[in-house]
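A short worksheet on the structure shown next.
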Amino acid sequence: MRIGTGYDVHKLVEGRKLVLGGIEVEHTLGLLGHSDADVLLHAICDAMLGAAALGDIGQHFPDRDPQYKDIDSRVLLRHCNDLIRKEGYTILNIDSTIVAQRPKLAAYIPKMRESIAHELGVDVRQISVKATTTEHLGFEGREEGISAQAVALLDDRTPMTDNPDNCID
């Protein structure tokens, strides 16, 4: 088994849609970024890539590359899933937290979980999404931005060495 963590943050601005977990969330502000700025999916991508030791989202989808301008982060998530699967990994579970003062996200979480599970081809019970505030502290509390953290647990049935004496059962 392999574990990886991911973290992302984007600034809240006027004139952009707020997309979290692959769904549009009603709010007066949206997240600024080269892509759709879905902090939750970006954190999940980094957690998956980290668990598989495949770098990070910026290496695979550089923000200088025009082909990723305003891209739907679900496309990035699917690509990351393809990368880890090609390396012989499968997702056991993903646990994530969105940090935002507003909007309140509880009503959106079931749809986020369903969307993420669908994109990854896993059961919704393997995807955990939580939301919290910072009690008005920090940039999230001042409603300047939103951050997300994620942990991915991957299973690999392939040994990391050709020498069976160095493998742990």
Side-chain angles (χ1 to χ4, degrees), residues 2-52 54-65 68-81 84 91-120 122 124-154:
R2 305 281 299 261
I3 192 165
T5 64
Y7 174 80
D8 196 37
V9 60
H10 284 276
K11 180 179 180 175
L12 282 164
V13 297
E14 293 182 1
R16 296 260 310 187
K17 293 187 292 186
L18 179 58
V19 180
L20 295 168
I23 65 165
E24 192 171 334
V25 174
E26 287 186 40
H27 193 45
T28 58
L29 303 173
L31 293 170
L32 181 63
H34 186 69
S35 66
D36 65 5
D38 188 329
V39 293
L40 179 57
L41 294 190
H42 295 181
I44 291 171
C45 284
D46 268 347
M48 292 167 50
L49 291 169
L54 294 174
D56 64 36
I57 194 170
Q59 289 175 276
H60 293 275
F61 315 105
D63 62 7
R64 300 167 311 282
D65 191 330
Y68 302 119
K69 179 71 175 143
D70 296 322
I71 194 168
D72 185 326
S73 291
R74 293 175 296 183
V75 173
L76 308 182
L77 183 67
R78 287 191 301 267
H79 183 75
C80 290
N81 195 36
I84 67 163
I91 297 168
L92 292 178
N93 80 298
I94 292 174
D95 184 28
S96 60
T97 304
I98 304 166
V99 184
Q101 195 64 42
R102 283 187 324 115
K104 296 298 181 193
L105 298 171
Y108 295 96
I109 288 176
K111 288 182 182 176
M112 289 180 199
R113 291 180 63 219
E114 290 171 11
S115 174
I116 295 164
H118 172 76
E119 298 301 335
L120 295 175
V122 299
V124 71
R125 294 173 297 178
Q126 293 172 264
I127 306 298
S128 171
V129 176
K130 303 175 300 295
T132 191
T133 70
T134 60
E135 303 295 330
H136 301 280
L137 298 173
F139 70 88
E140 297 104 331
R142 291 188 302 270
E143 300 179 38
E144 296 170 358
I146 294 177
S147 67
Q149 302 174 25
V151 177
L153 182 63
L154 305 182

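Nothing here was measured: the structure is a model prediction, and the numbers come from that model.
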To the nearest 0.5 Å, what is the distance between [atom1] on [X] and [atom2] on [Y]?
X: Asp38; Y: Ile116; atom1: CG; atom2: CD1; value: 7.5 Å
X: Thr28; Y: Arg102; atom1: OG1; atom2: CZ; value: 5.5 Å
X: Met48; Y: Ile57; atom1: CE; atom2: CD1; value: 10.0 Å
X: Asp36; Y: Lys69; atom1: CG; atom2: NZ; value: 11.0 Å
X: Arg142; Y: Gln101; atom1: CZ; atom2: CD; value: 11.0 Å
X: Leu120; Y: Leu77; atom1: CG; atom2: CG; value: 4.0 Å

Under the 3.5 angstrom rule, does the side chain of [X] hit a backbone N or O of [Y] as a donor-acceptor pair?
X: His60; Y: Leu54; result: yes
X: Asp56; Y: Asp46; result: no
X: Ser35; Y: Ser73; result: no
X: Lys130; Y: Ser96; result: yes

Considering all heavy atoms of both residues, which atom of [X] and which atom of [Y] are nearest to each other, and what is their separation?
X: Ala152; Y: Ala51; value: O-CB, 4.0 Å
X: Ile146; Y: Ile98; value: CG2-CG2, 3.7 Å
X: Ile84; Y: Ala52; value: CG2-CB, 3.9 Å
X: Val124; Y: Arg113; value: O-NH2, 2.8 Å
X: Ser115; Y: Ile23; value: CB-CG2, 4.2 Å
X: Ala43; Y: Ala148; value: CB-O, 3.6 Å

Side chain proximity check, [X] to [Y], heavy atoms < 4.5 angstrom:
X: Leu20; Y: Tyr108; value: no
X: Leu154; Y: Ile91; value: yes
X: Leu76; Y: Leu41; value: no
X: Ile71; Y: Phe61; value: no
X: Val19; Y: Leu31; value: no

Inset, instruction - Evaluate whether atom NZ of Lys17 has more than 12 neighbouring non-hydrogen atoms of other residues, nucleotides or ligands under 6.0 angstrom away. - result: no
Inset, instruction - Step through the shown structure and confirm whether more than 12 heavy atoms of other residues, nucleotides or ligands are within 6.0 Å of CD on Glu14. - result: no
Legend entry - Verdict with reasoning, Thr133 to Lys104, per side chain to side chain contact (heavy atoms under 4.5 Å, CB included): CA-CA 9 Å; Thr133 70; Lys104 296 298 181 193; 3.7 Å; yes
Inset, instruction - Can you run down the ring pair (Phe, Tyr, Trp, His ring centres under 6.0 Å) pairs that involve residues 5-36, sequence neighbours left out, and say none if there aren't any? - result: His10-His42
Legend entry - Pairs flagged by salt bridge (Lys or Arg N to Asp or Glu O under 4.0 Å) wherever residues 70-80 is involved - sequence neighbours left out: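 Applying salt bridge (Lys or Arg N to Asp or Glu O under 4.0 Å) to every pair that reaches into residues 70-80, excluding sequence neighbours, yields Arg16-Asp70, Asp72-Arg74, Arg78-Glu119.
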